[in-house]
Amino acid sequence: MISVIYLARLRDALGVSKEEIPAAENVADLLAILRSRGGSWACELAEGKAFKVAVNHALVPPETPLNAGDEVAFLPPVTGG
Amino acid sequence: MPVRIQTADFDMSAEIATMRKANPKIGAVASFVGVVRDMNDGDAVAGMFLEHYPVMTESALQEIIAEAHTRWDFFDALIIHRVGQLAPLDQIVFVAVTSAHRGDAFDACHFIMDFLKTNAPFWKRESTPAGERWVDARVTDDAAAARWKR
């Protein structure tokens with residue numbers, strides 16, 4: 001299983017803070033699975049939308065492979081400071 | 001390279017005194033404090049909630065300080081960032097840098113703050129008369145961080 005976490009604005013827009021996905025080959029594959037749900041998933045995670053992906057707490061590009069036990073987080077643009 | 005994420009307020013004088021303690025080689029201390037305003041994008045702001053991604057926040061801030069160390073010669077950098085519920089006038093963030101001369105302290109402090117704005121996983125949700133809303137990321141923050149690209 002892969003743990004998927006949605007933060008801040010994305011969590012509110014998708015209505016989910018955390019879920020488990022059985023498997024995904026890499027980040028791009030996981031994104032395809034999530035987008036295929038349609039609705040706000042397809043819209044919020046669409047290509048070109050400003051969000052970043054972290055795997056095990058480090059920002060990564062879409063081709064990053066995923067393994068069982070990984071924690072993937074979707075981060076909307078940050079607004080701290 | 002100390003980094004602290006906390007709900008409690010901070011005392012910048014006490015923090016700077018601790019950083020300077022027993023180091024007569026320090027000739028400059030540059031610092032920045034960010035505070036909550038009562039207005040944003042033309043709307044009154046009654047308060048805001050600072051959310052972060054706890055497992056990632058500290059390492060993201062440490063990386064920013066480590067990057068600053070590769071660019072400038074300074075002794076220490078401190079970042080304190082508050083999370084949770086804050087009200088107008090509250091302090092949000094503190095950055096301080098100690099160095100031998102002012103140039104390194106000024107530039108490293110400026111750099112750390114600019115990169116914190118675009119690279120550290122914090123999010124602001126503010127309360128306005130129209131309800132709660134997530135603060136939008138600013139293009140000007142990206143531009144500020146881009147100035148330091150090399």
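Protein chains get the first letters and strands the later ones, always in sequence-line order, with residue 1 at the start of each.
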### Query
Is B:Arg20 atom CZ crowded by more than 12 heavy atoms from other residues, nucleotides or ligands, each under 6.0 Å away?
no

### Query
B:Leu78 and B:Met12: same hydrophobic cluster, using ILVMFWY side-chain contacts below 4.5 Å?
yes

### Message
Would you say A:Leu75 ends up clustered with A:Leu10 if hydrophobic residues are merged whenever their side chains have heavy atoms under 4.5 Å apart, either directly or through other cluster members?
### Response
no

### Task
Test A:Thr79 against B:Arg125 for side chain to side chain contact (heavy atoms under 4.5 Å, CB included), laying out the working first.
CA-CA 9 Å; A:Thr79 55; B:Arg125 191 180 70 227; over 6 Å; no

### Top contributor to chain A interface from B:Leu116, B:Ile92, B:Val93, B:Val135 [non-hydrogen pairs under 4.5 Å]
B:Val135

### Query
Tell me, side chain or backbone of A:Asn56 under 4.5 Å from chain B's heavy atoms, or both, or neither?
neither

### Message
Just so I know, are the side chains of A:Val78 and B:Trp123 near enough to count as touching, which here means a heavy-atom distance under 4.5 Å?
### Response
yes

### Query
Shared ILVMFWY cluster between B:Val45 and B:Phe49, side chains joined below 4.5 angstrom?
no

## Note on the structure
Residue from B:Arg82, B:Met113, B:His81, B:Arg133 scoring the most non-hydrogen pairs under 4.5 Å with chain A is B:His81

### Summary
Max heavy-atom pairs within cutoff under 4.5 Å with chain A, candidates B:Asp136, B:Thr57, B:Asp142, goes to B:Asp136

### Message
Can you confirm whether more than 12 heavy atoms, excluding those of A:Arg37, are under 6.0 Å from its CZ atom?
### Response
yes

### Task
Please check if atom CD in B:Gln85 has more than 12 non-hydrogen atoms from other residues, nucleotides or ligands closer than 6.0 Å.
yes

### Task
Check each atom of A:Leu59 against the heavy atoms of chain B and say whether the ones under 4.5 Å are side chain, backbone, both or neither.
both

### Message
Taking B:Trp148 as the starting point, is it possible to reach B:Phe106 by hopping between hydrophobic residues whose side chains are less than 4.5 Å apart?
### Response
no

#### Entry: Rounded distance (nearest 0.5 Å) linking atom CZ of A:Arg9 with atom NZ of B:Lys124
13.0 Å

### Query
What part of A:Ala8 lies closer than 4.5 angstrom to a heavy atom of chain B: side chain, backbone, both or neither?
both

### Contact origin within B:Asp141 toward chain A - heavy atom pairs under 4.5 Å
neither

### Query
With the 4.5 Å side-chain cut-off for hydrophobic clustering, are A:Ile21 and A:Met1 part of the same group?
no

### Most contacts with chain B, counted as non-hydrogen pairs under 4.5 angstrom, among A:Ala50, A:Pro76, A:Pro77
A:Pro76

### Query
When rounded to the nearest 0.5 angstrom, what distance separates CD1 in A:Ile5 from CE in B:Met56?
11.5 Å

